[in-house]
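Worksheet: one structure, shown below.
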Amino acid sequence: MIPEEKILHGIPVAPGIAIGRAYVCAALGTIRTEQREIPLHEVATEIERFLRAVEESKRQLITLREQVAKELDEKHAEIYTPQLALLDDADLIDATVETIRSEQKNAEYLFARRINEFLDQLRKLDDGFLVGRETDFQDVAWRVLNNLGRQQHATHATFGPDTVLVGHDLLPSQSANLLKEHVVGLALEKGGPTSHTAIIAKATEIPTVVGVEGIMQVVREGAPVIVDGVAGKVILFPSQETYARYLARQSEFQQLERELEELRDLAAETLDGYSITLRANIEFPEEISHIKLHGARGVGLFRTEFIFLNRERLPNEEEQYQIYKQVAERVFPDTVIFRTLDVGGDKFFAASARPRELNPFMGLRAVRLCLKHEEIFRPQLRAMLRANALGNAKILIPMISGVEEFRQVKQLISTVIEELRGEGYQIDHSVEIGAMVEIPSAAILADELARECDFFSIGTNDLIQYTLAVDRGNSSVAYLYEPLHLSVLRLLRMTVKAAEDAGIKVSVCGEAAADPLYALILAGLGVHELSMSAVNVPAVKRVMRAVTLQELRALVEEIFNASTISERKSVLKTFLDFLVRERGVPAGEILSASIAHLE
Ligand code: PEP
Ligand code: MG
């Protein structure tokens, strides 16, 4: 019997329509393996095979621990210790051996079953610390299963064409790899629109819906699935009629994209000649070609942490230098803004390296971690400074909370420049150093901070999260995540004003900049530059070219005068109607990026 069509709703994060088959990522859920009977005469060999895989796993973990100790420090290396202890745990290893003997089934199946029993117990305990240990169990399980010859970890899986990944959530270190494969769509049970998995999905232009509650209960491996990244729907087992409708929508969407691409070489300029620079956010150097394709001017935010994730050892100065140099050269004469390492929050060096912090988003993240670990920070700064041979690079510091922190960074950069010069490097160009304004304290102190910085870049993803106390990756509070909240708008206005008074440039590089209608508000507020996933550049450019600066200023005034969020949304809707009616802007292209915002 053909299963009935099921429509599930979530949050759209990367536009487009994907039609394919589900690959269920058990990555953060239960570990699944196939069950096989083992003939009695092969039981001893099966036990030996299992113990060999355990030994190999131990060896790998010890090497990893040594590498991290060398590259980072002993403290971080310690994250592998609990996993090593698990591999010596009689309750896990001896118990598995015992069941292979008594039940005569394959090692993968029995080991995974034992791990799942542990996981079930942990989940029942409802103890924050122990629950955090899930990752240890899962990492150990993947490692042993991989060493048994079964490619368990979705990170390493090979996907057929038209694969739609369906999962609970992906860690950024996993998604970074996943999205390099031929995957056409992504549907996740968890996550908010600005979680880092969502950002990666958007960068790689894969239609994505997150926060799809209940999908893991109904999805089946290989099930036909449609991801509607425009409306935020996931359709499992689509009927023939739905399938045909979506095929048509898919080609309409592609046609629209082609039309937008025609704007590639035109300026982002209002009808009365006010121009604003649209740049691209990137996570990997491979994305540079996308930038040019979509007509963005250089890179407004290079999230360099992504080159640190998902590797066994951290990239050294030389490796980083090669990457930064390549990016700077390829975008020249446009600018590239290198953001220094922003790990912590929902990004960790390795899937298993999740620190034991109760509040990682408020913990040792970004510049805080860098200032504490100069052995990581210095090589990165050196690499960035060396990569600025053409003078088109700037350095951006994330998570600045106040003046002292920024001064500390500037001091360190001056020392590093002297050091490089002393070693004979030619550091000719003075490099601009900017602060991200993404913590409310930085926005409140923007006037003080503006005197210290060469430029501001407002990170709305975090600014909204911290202002409204809404975890950006948590789908259950996603309804509260509101860029149109008056508090957020006021902080934006304060920051822009402070930048103006100090005569420095201000850009916005959070996802809000990618929403064409929100981008109009930002331009009306006086923001000079917007940086976004390259795919969103054409739609923003399209609306910018359809308005005058005066109209934008009036729009901003109306937005600030409205007293509720829904009133602000209706101001935007009215403005959109005007654009469609009077200026011939096709509604579809704007709504595809703005719809979540207006509904
Ligand atoms: C932001 O916070 O808005 C931002 C651009 O940085 P990230 O999303 O990497 O935290
Ligand atoms: Mg941020």
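Throughout, residue positions are numbered sequentially from 1 according to the sequence presented. Please read all numbers here as calculations on a predicted model, not as lab measurements. Counting starts at 1 for both ligands and their atoms, following the listed order. All values below were derived from every heavy atom in this structure, side-chain atoms included, with hydrogens, water molecules and symmetry-related copies excluded.
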Regarding [X] and [Y], does a basic nitrogen lie under 4.0 Å from an acidic carboxylate oxygen?
X: Arg568; Y: Glu558; value: no
X: Lys190; Y: Glu213; value: no
X: Asp342; Y: Arg303; value: no
X: Lys569; Y: Glu482; value: yes

Name of the Asp462 N, O or S atom nearest the Mg ion (ligand 2)? OD2

Looking only at N, O or S atoms, find the one in Glu438 nearest to the Mg ion (ligand 2) and name it. OE1

Between Glu557 (side chain) and Arg553 (backbone), is there a donor-acceptor pair under 3.5 Å? no

Hey, is the main chain of Gly363 close enough, under 3.5 Å, to the side chain of Glu357 for a donor-acceptor pair?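 Pair absent, no side-chain N/O of Glu357 close to backbone of Gly363.
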
Which ligand 1 atoms are under 4.0 Å away from a heavy-atom of [X]?
X: Asp462; result: 1 (C), 2 (O), 3 (O), 10 (O)
X: Cys509; result: 5 (C)
X: Gly459; result: 1 (C), 2 (O), 3 (O)
X: Glu438; result: 1 (C), 2 (O), 6 (O)
X: Arg303; result: 4 (C), 5 (C), 6 (O), 7 (P), 8 (O), 9 (O)

Angle between ring planes, Phe306 versus Phe284, binned at 30° and 60°: parallel, tilted or perpendicular?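 Aromatic pair Phe306/Phe284 classed perpendicular.
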
On the 0 to 90° scale, with breaks at 30° and 60°, tag the Tyr466-Phe361 ring pair as parallel, tilted or perpendicular.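 If you compare the ring of Tyr466 with that of Phe361, the planes turn out perpendicular.
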
So, Ser401 versus Ser441: side-chain donor-acceptor pair below 3.5 Å or not?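 There is no such pair (donor and acceptor under 3.5 Å, judged by atom type) between the side chains of Ser401 and Ser441.
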
For ligand 1, is [X] a contact, meaning one of its heavy atoms is under 4.0 Å away?
X: Arg339; answer: yes
X: Arg365; answer: yes
X: Glu511; answer: no

Measure Leu301 to ligand 1 on non-hydrogen atoms and call it side chain, backbone, both or neither using the 4.0 Å cut-off.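 Near ligand 1, Leu301 shows its side chain, while the N, CA, C and O stay back.
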
With respect to the Mg ion (ligand 2), please indicate if Asp342 possesses an N, O or S atom at a distance under 2.8 Å. no

For atom 8 (O) of ligand 1, what is the closest protein heavy atom, and at what distance to 0.1 Å?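 Result for atom 8 (O) of ligand 1: Arg472 NH2, 2.6 Å.
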
